[in-house]
Student: 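After the structure tokens below, expect a handful of questions from me.
Index from 1, following the sequence. Every number for a ligand or one of its atoms is a count from 1 in the order of the listing.
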Amino acid sequence: MFSLNAFSRSGLLSSSPYSCCEESKSLFAVSRGGGTSSLCPSQRNAASSAVVLCSAGSNGRGVVAGERTVTNSKPAMGSTATESAPALETYPESNVCGAAEDVYGDDSAIAEQLVTPWAVSVASGYSLLRDPRHNKGLAFNEKERDAHYLRGLLPPACEKKIMHNLRQYQVPLQRYMAMMDLQERNERLFYKLLMDNVEELLPIVYTPTVGEACQKYGSIFKRPQGLYISLKEKGKILEVLRNWPERNIQVIVVTDGERILGLGDLGCQGMGIPVGKLALYTALGGVRPSACLPVTIDVGTNNEELLNDEFYIGLRQRRATGQEYAELMDEFMSAVKQTYGEKVLIQFEDFANHNAFELLSKYRSTHLVFNDDIQGTASVVLAGLVAALKLVGGTLAEHTFLFLGAGEAGTGIAELIALEMSKQTKAPLEESRKKIWLVDSKVCVNHKFGALNTHTMYSFSATLCIHSHMAYLMQGLIVGSRKESLQHFKKPWAHEHEPVKGLLDAVKAIKPTVLIGSSGVGKTFTKEVVEAMASFNEKPVILALSNPTSQSECTAEEAYVWSKGRAIYASGSPFGPVEYNGKTFVSGQANNAYIFPGLGLGLVISGAIRVHEDMLLAASEALAEQVTQENFEKGLIYPPFSNIRKISAHIAANVAAKAYELGLATRLPRPANLVKYAESCMYSPNYRSYR
Ligand SMILES: NC(=O)C1=CN([C@@H]2O[C@H](COP(=O)(O)OP(=O)(O)OC[C@H]3O[C@@H](n4cnc5c(N)ncnc54)[C@H](OP(=O)(O)O)[C@@H]3O)[C@@H](O)[C@H]2O)C=CC1
Ligand SMILES: CC(=O)C(=O)O
Ligand SMILES: [Mg+2]
């Protein structure tokens with residue numbers, strides 16, 4: 001029996017003394033192929049102190065349990081600079097390593113090959129059923145039921161209509177919880193289901209439902225799904241990382257929960273985001289689940305509601321800032337490199353912009369990092385715009401862009417568009433930037449008379465704006481006269497122009513061909529705004545990027561109806577098809593989920609050591625190329641998610657090619673056919689046959 005304190009210390013639980021982990025009550029003594037590794041975190045913690053039996057993968061090489069040392073001679077793709085070429089050039093399925101080290105051999109086994117889930121002996125089939133990585137549920141065949149002590153533990157039926165069961169739940173959050181339960185029970189089935197039904201299940205495990213899950217995380221919390229690193233772990237982060245059961249981590253998604261989607265500061269409950277993003281890394285990008293690590297940094301929360309919520313699972317204090325925050329992040333970044341090496345990818349996710357830009361600029365030259373909200377989003381939006389040019393005509397430089405929202409997403413996208421424009425036109429970056437305008441939540445007024453004045457400025461924050469009318473009053477075009485008071489990431493966009501208040505007036509003044517919403521505030525693309533866009537554009541491009549659905553700047557229906565069916569529209573969270581004037585409009589999803597799984601896979605398989613801006617352009621180009629004529633005919637500027645594995649392989653190949661070209665790849669020699677190589681590296685969730 002283990003005390004809750006012992007678990008809390010490990011980083012496997014959040015900091016709240018009120019949270020309760022069911023698993024902490026039981027003792028698990030059996031381990032699978034990676035020593036303690038397949039057990040859920042709480043199981044593994046228990047196992048590390050209990051009698052541990054070893055198990056192995058198809059090649060029968062075992063592990064030193066307890067010490068968590070894995071010995072396996074199988075070469076891991078994307079993991080060293082010294083791998084031999086011949087086996088790699090053919091990419092046979094039997095060499096597949098799932099984009100990360102296949103230390104257990106169960107993914108590298110060909111379909112007919114038998115896998116031994118337990119090397120020494122099995123205490124009981126009961127434990128096997130509780131090991132999510134090896135459990136096959138009703139799919140255990142008769143022979144396996146005999147061989148693995150499963151007789152009587154399973155009903156006789158061999159299959160269950162799991163999608164049918166899932167669809168019985170009407171409430172999206174119930175489906176989310178059912179999916180999370182499945183992930184904990186039977187990992188392969190979870191991924192198989194997600195991959196086979198990606199368009200139906202993405203809105204459940206990802207936006208919009210994951211947003212609601214984060215808001216209610218305290219109440220629905222059952223078992224820890226990632227590492228919680230709070231201020232209490234300061235000075236001990238190396239130890240905390242060692243508590244995670246897997247050694248061969250290749251991708252970390254980390255948040256501090258301060259800007260969860262457009263929902264604001266959700267503190268420790270933001271954990272739902274790294275968990276969801278990493279599920280997509282596996283399902284969409286083929287990175288093995290065991291190579292993925294979700295992390296939440298808990299420095300407190302400024303969300304009063306959470307601080308007063310009895311079910312809140314995080315530290316009950318206001319957010320640490322300044323040196324205290326920087327030191328914790330620094331310790332985390334160093335510990336990650338020390339534990340997992342130079343080539344572990346760290347994706348920053350949903351940090352508030354005052355930390356996000358700083359963290360990125362601080363660590364981009366020392367670690368393999370990228371910020372999904374700034375860079376991943378930029379890449380996906382650029383791809384959509386390049387594709388949209390086929391529908392609206394012209395080059396990027398011939399268009400004018402207006403953003404509502406000048407934070408991470410807005411300025412990140414703006415910068416990548418400008419970079420691509422400059423590459424195309426050979427014009428200086430500053431020139432290209434002049435085609436791009438941004439509106440934020442500050443407006444300059446003369447504090448005495450309330451009139452616009454370029455000399456006397458007064459900044460209001462939009463944080464108190466709840467009503468969209470209020471939001472309008474607090475919107476201002478970023479212009480040269482505001483430069484002094486602007487945050488550093490907005491300064492490049494302060495072009496010379498009279499001050500303009502409100503999005504509608506900004507639209508009328510700038511006359512953009514492309515309108516992009518990245519404000520996190522819903523319903524801000526009003527009927528008047530969309531009508532104004534449609535009044536001077538034959539085909540106005542309107543992207544409502546804010547998540548979740550409640551924060552969308554306008555719905556698909558609003559965009560099509562208000563533009564009289566002329567808008568080229570995509571949104572951050574999905575909308576269903578819209579019927580208008582006898583025509584069906586299908587809108588695309590402009591979401592970084594198209595990019596980060598393939599980008600990450602490309603970085604991993606090439607052994608890249610740094611992320612370069614050109615890799616984002618390469619990812620973007622690969623995505624834009626995947627939009628077919630058939631998609632264009634429906635008005636789509638993104639390919640359907642149903643093809644995402646193929647899309648991710650192309651993105652990964654383009655990114656890896658760029659890494660080699662820039663001399664940032666360490667996996668040598670370079671595979672000749674990078675698309676095939678990327679495909680061969682992808683994790684597949686098919687069940688293995690057990691001895
Ligand atoms: N579809 C996708 O793939 C992605 C979508 N997003 C979504 O984009 C949204 C913003 O994210 P992010 O950029 O990281 O957030 P930030 O907080 O960094 O930026 C928000 C920006 O919106 C501005 N803003 C806030 N309220 C208003 C308002 N009423 N009118 C005008 N401007 C306003 C802010 O103004 P100020 O600077 O004055 O405070 C700020 O410039 C979120 O909803 C997020 O979910 C983010 C990443 C990816
Ligand atoms: C999609 C995403 O990363 C966001 O909304 O923050
Ligand atoms: Mg995000």
Student: Closer than 4.0 Å to some heavy atom of Arg259 - which atoms of ligand 2 meet that?
Tutor: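 So the answer, numbered in order with elements, is 6 (O).
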Student: Given Glu553, Gln589, Lys490, which one has a non-hydrogen atom that is nearest to atom 37 (O) of ligand 1?
Tutor: Lys490
Student: Are Asn631 and Lys390 close enough that a side-chain donor and a side-chain acceptor fall under 3.5 Å?
Tutor: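 No, Lys390 and Asn631 have no side-chain donor paired with an acceptor closer than 3.5 Å.
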Student: Do you know which of Lys435, His399, Lys539 makes side-chain hydrogen bond (donor to acceptor under 3.5 Å, both in side chains) with Thr513?
Tutor: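 Testing each of Lys435, His399, Lys539 against Thr513, the sole residue satisfying side-chain hydrogen bond (donor to acceptor under 3.5 Å, both in side chains) is His399.
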Student: For ligand 1, note which part of Asp350 has a heavy atom under 4.0 Å away: side chain, backbone, both or neither.
Tutor: neither
Student: Out of Gly520, Ala506, Gly410, Ser519, who is nearest to atom 25 (C) of ligand 1 when you count heavy atoms only?
Tutor: Ser519
Student: Looking at Glu349, pick out the N, O or S atom nearest to the Mg ion (ligand 3) and give its name.
Tutor: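 Nearest to the Mg ion (ligand 3) within Glu349's N, O and S set: OE2.
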Student: Should you measure from each heavy atom of Gln475, which atoms of ligand 1 turn up under 4.0 Å away?
Tutor: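 Checking each atom against Gln475, I get 30 (N), 31 (C).
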Student: Would you say Thr555's side chain and Glu558's backbone share a donor-acceptor pair under 3.5 angstrom?
Tutor: yes
Student: Are more than 12 heavy atoms from other residues, nucleotides or ligands located less than 6.0 Å from atom CD of Glu531?
Tutor: yes
Student: Could you tell me if the side chain of Gln347 sits less than 4.5 Å from the side chain of Tyr281, heavy atoms only?
Tutor: yes
Student: Mark up the atoms of ligand 1 that fall under 4.0 Å of a heavy atom belonging to Gly572, in ascending order.
Tutor: 1 (N)
Student: Taking non-hydrogen atoms only, is Arg259 closer than 4.0 angstrom to ligand 1 via side chain, backbone, both or neither?
Tutor: side chain
Student: Would you confirm whether Ser518, through its side chain, and Gly405, through its main-chain N or O, come within 3.5 Å as a donor-acceptor pair?
Tutor: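 Yes: the side chain of Ser518 pairs with the backbone of Gly405.
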Student: So, regarding Asp373 and ligand 1 (criterion: nitrogen or oxygen to nitrogen or oxygen, under 3.5 Å), is there a contact or not?
Tutor: no
Student: For Glu408, which part has a heavy atom under 4.0 Å from ligand 2: side chain, backbone, both, or neither?
Tutor: neither
Student: Do you see a donor-acceptor pair shorter than 3.5 Å between the side chains of Gln626 and Tyr594?
Tutor: no
Student: Of the choices Asn547, Asn592, Val210, which has the non-hydrogen atom that lies closest to atom 5 (O) of ligand 2?
Tutor: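 Comparing heavy atoms across Asn547, Asn592, Val210, the nearest one to atom 5 (O) of ligand 2 lies in Asn547.
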Student: How does Thr377 reach ligand 1, by side chain, by backbone, by both or by neither, if only non-hydrogen atoms under 4.0 Å count?
Tutor: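 Thr377 to ligand 1: side-chain contact only, backbone stays beyond 4.0 Å.
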Student: Side chain, backbone, both or neither: which part of Asp373 comes within less than 4.0 Å of ligand 2 when only heavy atoms are counted?
Tutor: side chain
Student: Any idea how Trp437 and His497 line up, ring-wise: parallel (<30°), tilted (30 to 60°), or perpendicular (>60°)?
Tutor: perpendicular
Student: For Ser620 and Ala383, indicate whether the former's side chain and the latter's backbone hold a donor-acceptor pair under 3.5 Å.
Tutor: yes
Student: Which is closest to atom 40 (C) of ligand 1 in terms of heavy atoms, Ala406, Gly376, Gly264?
Tutor: Ala406
Student: Any idea which part of Phe596 is under 4.0 Å from ligand 2, heavy-atom wise: side chain, backbone, both or neither?
Tutor: neither
Student: Just give me the atom name: the N, O or S atom of Asp373 closest to the Mg ion (ligand 3).
Tutor: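 Nearest N/O/S atom of Asp373: OD1.
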Student: Is the contact between Thr377 and ligand 2 made by the side chain, the backbone, both, or neither, using heavy atoms and a 4.0 Å cut-off?
Tutor: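 Neither; no heavy atom under 4.0 Å.
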Student: Show me which atoms of ligand 2 lie under 4.0 Å from any heavy atom of Glu349.
Tutor: 3 (O)
Student: Just distances here: any N/O of Val521 and N/O of ligand 1 closer than 3.5 Å?
Tutor: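 No - when backbone and side-chain N and O of Val521 are compared with those of ligand 1, no distance drops under 3.5 Å.
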Student: For the residue pair Phe585 and Tyr560, categorise the inter-ring angle as parallel (less than 30°), tilted (30 to 60°) or perpendicular (more than 60°).
Tutor: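 The rings of Phe585 and Tyr560 lie parallel, inter-plane angle below 30°.
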Student: For ligand 1, which is the ligand I care about here, please tell me if Met474 has any N or O atom under 3.5 Å from one of the ligand's N or O atoms.
Tutor: no
Student: More than 12 foreign heavy atoms under 6.0 Å from NZ of Lys634: is that the case here?
Tutor: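 Incorrect, the count does not exceed 12.
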Student: Can you name the atoms of ligand 2, numbered from 1 with element, that are less than 4.0 Å from a heavy atom of Tyr206?
Tutor: 1 (C)
Student: Considering only heavy atoms of Gly262, which atoms of ligand 1 have at least one such atom less than 4.0 Å away?
Tutor: 42 (C), 43 (O), 45 (O)
Student: Taking atom 39 (O) of ligand 1 as the point of reference, which of Glu349, Glu258, Lys523, Lys442 owns the nearest heavy atom?
Tutor: Lys442
Student: Nearest to atom 35 (O) of ligand 1 by heavy atom, Ser441, Ser550, Ala593: which?
Tutor: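 Checking each option, the heavy atom nearest atom 35 (O) of ligand 1 is found in Ser441.
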Student: Have a look at Asp350 and say which of its N, O or S atoms is nearest the Mg ion (ligand 3).
Tutor: OD1
Student: Start with the C-alpha gap between Ile647 and Leu623, add the side-chain angles, then the distance that decides, and say whether side-chain contact (heavy atoms from CB on, under 4.5 Å) holds.
Tutor: CA-CA 7 Å; Ile647 296 165; Leu623 176 57; 3.7 Å; yes
Student: Are the side chain of Arg482 and the backbone of Leu477 linked by a donor-acceptor contact shorter than 3.5 Å?
Tutor: yes
Student: Can a side-chain donor-acceptor contact be found between Tyr312 and Asn303 if the only test is distance below 3.5 angstrom?
Tutor: no
Student: Against heavy atoms of Leu261, which atoms of ligand 2 measure under 4.0 Å?
Tutor: 4 (C), 5 (O), 6 (O)
Student: Nearest to atom 17 (O) of ligand 1 by heavy atom, Asn353, Thr411, Ile374: which?
Tutor: Asn353
Student: Any donor and acceptor pair, going by atom type alone, linking the side chain of Asp373 with main-chain N or O of Asp350 inside 3.5 Å?
Tutor: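 It does hold such a pair.
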Student: Is atom CD of Glu625 surrounded by more than 12 heavy atoms (other residues, nucleotides or ligands) closer than 6.0 Å?
Tutor: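 More than 12 heavy atoms, drawn from other residues, nucleotides or ligands, come within 6.0 Å of this atom.
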Student: If I apply the N/O under 3.5 Å rule, does Ala409 come out as touching ligand 1?
Tutor: yes
Student: Would you call Thr207 a ligand 2 contact, heavy-atom distance under 4.0 Å?
Tutor: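 No, Thr207 has no heavy atoms under 4.0 Å from ligand 2.
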Student: For the residue pair Glu553 and Ser546, confirm or rule out a side-chain donor-acceptor distance under 3.5 Å.
Tutor: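 There is such a pair (donor and acceptor under 3.5 Å, judged by atom type) between the side chains of Glu553 and Ser546.
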Student: Using a strict cut-off of 4.0 Å, indicate which atoms of ligand 2 neighbour a heavy atom of Lys277.
Tutor: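 Answer for ligand 2: 1 (C), 2 (C), 3 (O).
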